[in-house]
Each structure stands twice: as structure tokens, then as C-alpha cells.
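What follows is one structure encoded as C-alpha cells, with my remarks underneath.
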Amino acid sequence: MEGDDRREKGHLSDRRFDSLGSVLDPRLLSSIPFEFMSVVQAATLEHSLSGVDVLAQAKTGTGKTLAFLLPCVQRISTMLPLVSRSPSDISVLILSPTRELALQIEKEAVVLLRGFQGAIGVQHCVGGTNMETEKRALRSSRADILVATPGRLIDHLQNSGLAPQLRNVRALVLDEADRMLDMGFRRELQTILAALPSRQERPRQSLLFSATIPQGIRDVADLDENHVFVNTLRPEEQNTHQHVPQDFIIVPHTQTFAATLCILLESLSQDPKTTKPILFFSTARSTAIFFVLLETLQKQLSGVHSANLQRLSPAWQALQTVPVFELHSRKSQSQRVRATQAFTKSQTAILCSSDVTARGVDFPGVTSVIQVGLPSSGEQYIHRLGRTARAGAAGSGVLILTPYERFFLRKKEVAGLPLRERKLVFTEDDLLPEADSAIRKALMTVSDKEKSQAYQAALGYYKSSLKDLGWSPAQLVDEMNDWARQALLFQEGASGPAPPLLAKTVGKMGLKGTPGLNVVKQLPSWADDGAGDSPNDRGDVYQHLSTVRQRGSPYGRGAKVVANGRGGGAGRGARDSVVRATQSSS
DNA sequence: AAAAAAG
């Protein structure tokens, strides 16, 4: 605790919020839930409160949200009692790259607005929710501050007649600004900017916040030429990620899930009461599969007779009860909201996530970030890592790669990081053979449909990295087919040697004519969208597995494990198992 | 089709 306090002070400044007593509206000042400003806040507030444009670079988890909300709320408060304004006018527009981040920002704004007792309102508009409900709320209640994701905002502009409410916008905030300005969002941002009044006719302030500020951001951003650039990174520390202990592990792709499970079991055995890792996957489909695997393992464990459960190692016991959540774009928005809330308030839990939560989202107390498979970019690796070790707390990172993904370590954003290779050392009683066996059994309960979807997603994902991988399209298909069969245990059945793909889909992927693909005119009924998610009855398998071995894991040691030149032997029980790790610099 | 983001 003492150490935490010291680190906590590291991101706090010595300036108190009440030093702004002459500048800030007292109702705003009294709603600030902190005594001291963070470093970013202290460095940006004097500028942003003066009204100039600000481009700020700061570590994640250091109070950026409050840094841009304060000047926005203050600005609106000076416009009170709002006689000249229509109650439906939007004064501040905040854009976020994900729905979860938008909702989180709105929540912080609600806190800051308490003192105004409804005179200033904040609302959100994000996808995946009822369009009509939002439309009505935007009409009938104050939305002085609107927090939005781009797609849904444009939808409202074009279909709900929201445009007139934006004619008085006085401030525009881009959170995760680099993401908002990159190729994926730039067009949408242009559409939104076009709906705002020109800055000549209606002066406004732009506030851009991000942990990484790439070259050229100023060329595309909506920034005044007299803007202030604030960099709160100390040169010697650069970014959090320089200080967070980070390991990488290279395993064959058949062992990726087992290695991931090992890392989880290891952290559960060290600290079952406080462990709170996030597991990041590259596609929504593989996120879903690993989540199902964990759920299945838990159900299998709960079928183990309690007397036998006592004999298992503490890690397996802990796995049975730790809450597990999944969060990605293939879930409904209400499920996403529920998972976000539940993981936020859990002291110990496991979150399986896609890159939805890679940026900005603030889950308290995340103890480690485990990245499974190739991250989509060096920057994305850093943003994901930033979900732990926030606001001065401790945290660590693990990256699990296959040999063909090793090139990632040479990317320029990653090459300078303190990433150290860690080998899972195979000893007689280590966890990997058990984990492998458990994963294989659990995979039997995953439907061919789910496996096919993961296969298709992986093809699409790796296709964008062919150059880095040094693969031809045919090699890509070979590797992914092997992955489907050997790692996902996709059964080559009546449908052919690989999961089936529609000719149409293959065409869109640009893989027409590539050997090795199982191209079909029509998907078999089990893989069709209309079919249920799980034709296999998981319940049967639980029953089947409910007999436990005398000692060790409930999953036996059936699978032969070969990695780094050593096979896993039949050893003693899991009670004494540990993942042995050796550190060696890479 | 591949994170995400509109349905």
C-alpha cells in the first residue's frame, strides 16, 4: 500500500483543484472528486480554460478525461442561464472510437455536473442501442454535452434531424485522437466536421487527447494554427509501457490456448483473491472461443466431486470460481454493457476481450494484460498494455506468439520495449500438459460452426499481414487449415478438409483460386447463420468428464505435448505444479 | 471477410 501511494503521487501534481477557485464555477469546483490535479490536468488546464486549442499527449490512465471535461463544463457554465440558447442545443461534442469509452466519459461528466442540478445535461449516442430512444432523449432533454461514436452520430445527423442542434457547438473533443484521425475513422470525422458550423462564423475550441501522437496528426486535425501542444511524458520515462514488466512466450500455434491457460493458472495460484487479468485476442471469434473454453472448464470443474476438488492444486480450484467475462463486437450492446460493469466492479475476474477495450477504457485494478497472438500493430500492443499499471498501480504484460508471428518483436514501436523472453519449461509436473489436455477436452464442446467462424476470421486477419509473415496466399491457407485442424480440432468430415467458405466470401477476401480452400456454393446447415450456436450438447461432455483422476488435474494427461524439444511426461499430481519460468534477455 | 463503428 505504501508503495502504491508513492507511485500514485508520481502521476499526481502538487497543484490543488481549489487553486482554480477564482476561475471555475463553484458548482463545478465542488463536484470535482479529487483534491490534487494529475500531471496532465495541471499541464493542460491553464491553456484549455483560456479557450485555446490544445493537443495533449499523456500516458493512459492519468486523468485525461477530467482534463478535457473541466474546460468544457466551465465553458457551458459561463453561458448560463442559457437564455439565448435553445434547450436542445449541443454546446460540446465529444467523439470516442468505441461505445464503451463513450459511455465511460458520459459517466464522468455526470459526476461533474451534479452541482448544476439539471441545468446542464450530458447525453450519449452510440451504436447498438435503440435509435428511437436516443432520438427522443436528444429532443426532449438537455444535451449540452454530447458524447458520441461516429457512426451513430452520423446516423442521427442524416435520419433524426439532429443537424440543427449542432449549429451552436463551442467545443469539439477528440478522445484517442490518433485513432479518430486514422484511416478507419477519417471519412466519418470529415462528415461530422462538415455538419458543424465553420469556425469563422462560430468560434469553437478543439481539444485533442491521446497517448500517442503520430507525425502528421496536425495536418488532418481540426486544430487552430495557434494551438498549444502539451506533452506530459517525461523524456526519461516516455510512457508507462517502458516500466511495466513484459514477457513474451513463443509456442507452436497448437499450444497457444494451452499456454494462455497456463499463464492464467499461474496468476491464480499466486494471488487467487486479487488477480484480474485481461486477455486480448485478435478477432472477436477467437475471443468468443477462448471464453467458451474457460466457461466449459469451469462447468467441468464444478462437476468434480468436492472431495476430489480438494486434491487439486489451488490454481485449478481458483479457476472454478473466478468470474469470466467476454467483451467484443459480436455481442449485443446490452451484453457488452453488462460485462463492462461486472468486470469493473470485480476485485478478481478474467476478461476475454477483443480490441474494443484496447484503448482508453479504465477498468480499476487490472493486474496483467495477456495478449494472445499477433497484435494488429505495435501501437495497439502499447494501448492494450496500458489497461494495466494505471494511475501508478502495478501491473505486468505477457505476449504469446507463434514462431511465425515472431516478426512482431522487430516492429519499431516494440523493439525498444523491455520485452523479455520467457520459456515455459517442461518439467514432469508442470501445468502445460494438463492445460493442453484440458483445452482439448473443452474444444470437443465447441461447435464446428464456432470453429469455422474463427477460421474465417483468422484468414481475414492474417491476410492483412501477409508481407510481414512472408507468406504466399497458398501458405496462408495451409497454415490456417492446419490451425483449424490441429489447434481448434476442427473435424474434417463430410464437409471437406477445411472449414467451408462461400465462393462469395473467398472473392471478397481476394483469395479466389487459392489451393487448399474448401469453397462451397452453399454453407452446410450446421454452419449456416440460422443454425444454433452449439449443436454439440455440452452437457453430455460435462457428465462424461465428471470422473476425476486420483491426483492431478481433472482433465488427465492424454495429449502429447511437444514444444521446445521436450515432451510432457506423465508426472505427479497437479498439487505441486507450477509453471516454471526462466528469464532470458531477448 | 479482418478491431472498430450504422443497421
Within this structure, what is the CD1-to-C1' distance between A:I154 and B:dA6, rounded to whole angstrom?
9 Å

Quiz item: cation-pi between A:K276 and A:F343, 6.0 Å / 45°:
yes

Any base atoms under 4.0 Å from A:A284, or only sugar-phosphate, or nothing? Heavy atoms, all strands.
sugar-phosphate

Rounded distance in Å - OH (A:Y455) to P (B:dA2)
14 Å

A:L174 CG to B:dA4 C1', in whole Å, measures 16 Å

Select base, sugar-phosphate, or nothing to describe what A:G184 touches, counting heavy atoms under 4.0 Å on all strands.
base

Does A:R330 reach a base, just sugar-phosphate, or nothing at all? Heavy atoms under 4.0 Å.
sugar-phosphate

Could you state the atom-to-atom distance from NE2 of A:H124 to P of B:dA6 in whole Å?
11 Å

Using a heavy-atom cut-off of under 4.0 Å over every strand shown, decide if A:R336 touches base, sugar-phosphate, or nothing.
sugar-phosphate

Touch check for A:G510, heavy atoms < 4.0 angstrom, all strands: base, sugar-phosphate only, or nothing?
nothing

Rounded distance in Å - CG (A:N130) to P (B:dG7)
10 Å

Measure the shortest side-chain to side-chain distance between A:L181 and A:L189 over non-hydrogen atoms and say whether it is less than 4.5 angstrom.
yes

Which nucleotide wins on minimum distance to the side chain of A:T505, given the candidates B:dA4, B:dA1, B:dA3?
B:dA1

Assign A:R179 to base, sugar-phosphate, or nothing according to its heavy-atom contacts below 4.0 angstrom with the strands shown.
base

Are the side chain of A:S354 and the backbone of A:T283 linked by a donor-acceptor contact shorter than 3.5 Å?
no

Short side-chain N/O contact from A:T283 to OP1 or OP2 of B:dA3, under 4.0 Å
yes

Going by an N to O cut-off under 4.0 Å, is there a salt bridge joining A:E379 and A:R179?
no

side-chain hydrogen bond (donor to acceptor under 3.5 Å, both in side chains) between A:D355 and A:H383: does it pass, once the steps are laid out?
CA-CA 9 Å; A:D355 277 343; A:H383 282 289; over 6 Å; no

Exactly one candidate in A:R336, A:K107, A:K331 meets salt bridge (Lys or Arg N to Asp or Glu O under 4.0 Å) with A:E100; the answer is A:R336

Of the nucleotides B:dA3, B:dA6, B:dA4, which has the atom closest to the A:Q380 side chain?
B:dA3

Could you tell me whether A:T98 contacts a base, only the sugar-phosphate backbone, or nothing, with contacts defined as non-hydrogen atoms closer than 4.0 Å?
sugar-phosphate

Would you kindly give the CG-to-P distance between A:L157 and B:dG7, to the nearest whole Å?
14 Å

Output the rounded distance in Å from CG (A:L103) to P (B:dA5).
10 Å

Can you find a side chain N or O atom of A:R152 that sits less than 4.0 Å from OP1 or OP2 on B:dA5?
no

For A:K463, report the nucleic acid contact type (base, sugar-phosphate, nothing); a contact means any heavy atom under 4.0 Å.
nothing

Rounded to whole Å, how long is the line connecting atom CD of A:Q158 with atom C1' of B:dG7?
13 Å

Is the shortest side-chain N/O distance from A:T149 to OP1 or OP2 of B:dA6 below 4.0 Å?
yes

